[in-house]
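This structure is a prediction, so every number in the text was calculated from the model and none was measured.
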Amino acid sequence: MTTPDALQLFYADTGLDPDRTAIQVADALKGCDDGELYLQYAVSESFAFDDGRLKSASFDTQKGFGLRGVAGEMTAYAHANDLSHAAIGRAADTIKVVRDGHGGTMALPPLPTNARRYTDVNPLAGIDFSAKVGLMQKIDAAARARDPAVVQVSASLLGSWSVVEILRGDGTRVRDVRPLVRLNVQVVAEKNGRRETGFHGLGGRYLYDTLFDDATWERAIDIALAQALVNLDAVDTPAGEMTVVLGPGWPGVLLHEAVGHGLEGDFNRKGTSAFSGRIGERVAAPGVTVVDDGAMDQRRGSLTVDDEGTPTGRTVLIEDGILKGYMQDRLNARLMGVAPTGNGRRQSYAHAPMPRMTNTFMLGGSEDPGNILASVKKGIFAKSFGGGQVDITSGKFVFSCTEAYEIENGKLGRPLKGATLIGNGPDVLTRVKAIGNDLELDEGVGICGKAGQSVPAGVGQPTLLVEGLTVGGTAA
């Protein structure tokens with residue numbers, strides 16, 4: 001799954017001896033139920049261009065390890081940016097806190113895989129600095145040339161390359177090399193003294209080449225500019241309970257936040273999720289099927305193996321409205337008596353893994369999106385979302401729309417500003433009345449936060465008709 005050169009980042013370049021490291025890990029985890037040594041070498045860079053100038057450019061390199069020991073429900077974790085046998089030995093002393101007196105038997109290692117979800121080539125090395133700055137300059141000039149209303153352009157380019165090795169107490173080694181790139185374009189337009197912003201971003205686990213293709217970044221400009229111009233004409237949103245049509249793709253972030261976190265194993269094992277203890281029950285309207293799939297090639301949330309070494313795959317969470325399962329890491333899966341699903345994720349070597357989403361989305365239905373819109377006498381169409389908040393225990397959420405329209409007699413009307421959607425995640429799923437046949441995944445900008453850790457994630461959904469959703473507005 002990786003190259004000899006990548007492995008030298010841990011061993012030949014640090015003085016670590018592979019055999020001695022394996023012995024240290026085996027001794028440290030003796031008597032534990034689970035655990036591993038997580039080695040990571042990562043490089044990342046970012047470029048921010050604002051109003052015709054390179055605002056910032058950064059390059060960062062990180063090396064380190066995290067040693068975890070699990071005994072029953074207890075976890076001991078120690079990490080350091082010093083890749084040395086002495087540092088690993090000090091970390092092993094921490095593991096004694098949960099190991100001593102426990103006498104557990106180490107769980108079997110993850111099954112191996114020959115899958116390759118992405119290239120192991122370092123994307124940062126293929127294009128030089130001047131070309132990356134040049135791309136930002138072209139985006140700035142092209143956006144300004146599109147429309148005289150454009151008064152500000154911001155663009156950013158981000159890339160990272162992470163090499164990991166997961167070493168277990170039985171000597172099993174799992175290795176992965178992970179690329180990730182992203183391009184963001186933001187446009188501010190002004191008319192009659194009013195300013196509005198439009199944004200579009202894209203990326204994934206591939207090389208920079210795709211982002212440097214003219215058609216790719218020009219399309220990003222078009223989408224961001226169109227959103228800004230539309231919002232210049234937006235009117236205040238009326239408030240109240242109404243029918244809402246959610247667009248395909250990025251609006252799936254509502255599903256991610258309002259429902260996805262509640263389907264992660266730790267919350268359900270502890271009984272703090274609205275979905276706890278409900279396997280086999282109807283939790284959504286007929287036709288609603290939600291999956292988490294980390295095995296999709298080159299997607300932002302995809303991984304060949306998770307951060308515990310378990311191969312990723314497609315996990316059906318809700319099928320035709322019935323709750324089928326949860327997303328699991330190894331610890332919660334063991335305690336709940338089920339198999340891990342490849343959802344053990346961590347931000348870096350400095351963080352312990354936990355159940356996290358990868359690419360979480362609702363499958364498409366059979367309805368034509370045009371017919372769904374035509375069926376609504378009065379309501380709103382939410383095309384894109386910005387920020388939001390959700391309470392995992394209750395499922396209550398608030399999301400702001402960055403682009404929305406009124407619906408009058410089955411047709412899109414005026415654009416709306418200040419629209420927020422307010423509801424309860426599990427309740428919303430029961431209010432779905434029509435599911436479009438136009439499933440789309442987001443274009444690769446999702447960032448998922450949980451317990452102070454951030455990881456890349458994907459979302460998606462088809463066009464959805466939801467009845468009786470509370471809309472917060474700005475109209476007097």
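Residues Asp306 and Arg345 are not paired through a salt bridge, judged by the lack of any N-O separation under 4.0 Å between the basic side chain and the carboxylate. Electrostatic pairing of Arg146 and Asp222 counts as a salt bridge here, judged by a charged N lying under 4.0 Å from a carboxylate O. Using a cutoff of 4.0 Å between basic side-chain nitrogens and carboxylate oxygens, Arg116 and Asp120 are scored as salt-bridged. Ion pairing between a basic and an acidic side chain is recognised when a charged N comes within 4.0 Å of a carboxylate O; Glu45 and Lys132 show such pairing. A salt bridge does not link Asp233 to Arg194: none of the charged side-chain nitrogens sits closer than 4.0 Å to a carboxylate oxygen. Classification of Glu257 and Lys396 as a salt-bridged pair fails, no side-chain N sitting under 4.0 Å from a carboxylate O. Salt bridge present: Arg68 and Glu308 bring a charged side-chain N and a carboxylate O closer than 4.0 Å. Ion pairing between Arg195 and Glu190 holds under the 4.0 Å rule for side-chain N and carboxylate O. The existence of a salt bridge linking Arg90 and Asp82 is confirmed by a sub-4.0 Å separation between a basic side-chain nitrogen and an acidic carboxylate oxygen.
The closest side-chain donor-acceptor pair between Asp213 and Thr210, if any, does not fall under 3.5 angstrom. Judged by distance alone, the side chains of Asp17 and Tyr11 never bring a donor and an acceptor atom under 3.5 Å apart. If you check the side chains of Asn332 and Arg269, you find a donor sitting under 3.5 Å from an acceptor. For the residue pair Asp292 and Thr341, no side-chain donor N or O sits within less than 3.5 Å of a side-chain acceptor on the partner.
Side chain of Thr312 to main chain of Leu303: a donor-acceptor pair is present (N/O by atom type, distance under 3.5 Å, no hydrogens or angles).
Partners of His351 by side-chain hydrogen bond (donor to acceptor under 3.5 Å, both in side chains), not counting sequence neighbours, listed by chain and number: Ser348. Every residue meeting the side-chain hydrogen bond (donor to acceptor under 3.5 Å, both in side chains) condition with Gln24, not counting sequence neighbours, appears here in chain and number order: His85.
Aromatic ring centres of Phe267 and Phe275: separated by at least 6.0 Å.
A side chain to side chain contact (heavy atoms under 4.5 Å, CB included) with Tyr349 is found for one member of Leu37, Leu39, Asn81 and no other, namely Asn81. For the pairing with Ile139, the side chain to side chain contact (heavy atoms under 4.5 Å, CB included) check across Leu157, Val187, Asn184, Ile221 returns one residue only, Ile221. Checking Val174, Val25, Asp34 one by one against Arg168, the side chain to side chain contact (heavy atoms under 4.5 Å, CB included) holds for a single residue, Asp34. Looking at His102, Met106, Glu73 one by one, the single match for side chain to side chain contact (heavy atoms under 4.5 Å, CB included) with Asp33 turns out to be His102.
Note that Arg346 lies in the cation-pi zone of Tyr38, set by a 6.0 Å cut-off to the ring centre and a 45° limit from the axis.
Shortest non-hydrogen contact noted between Ala142 and Trp217 is CB-CZ3, 3.8 Å.
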Check: residues 441-457 side-chain donor-acceptor pairs under 3.5 Å, at least two apart:
unit_1, atom_1, unit_2, atom_2, d
Asp442, OD1, Val459, N, 2.8
Asp442, OD2, Gly444, N, 2.8
Asp442, OD2, Val445, N, 3.2
Glu443, OE1, Arg219, NH1, 2.8
Glu443, OE2, His200, NE2, 3.3
Glu443, OE2, Arg219, NH1, 3.1
Glu443, OE2, Arg219, NH2, 2.8
Lys450, NZ, Glu264, OE1, 2.9
Lys450, NZ, Asp266, OD1, 3.1
Lys450, NZ, Asp266, OD2, 2.9
Lys450, NZ, Pro355, O, 2.7
Gln453, OE1, Gln347, N, 2.8
Gln453, NE2, Ala352, O, 3.0

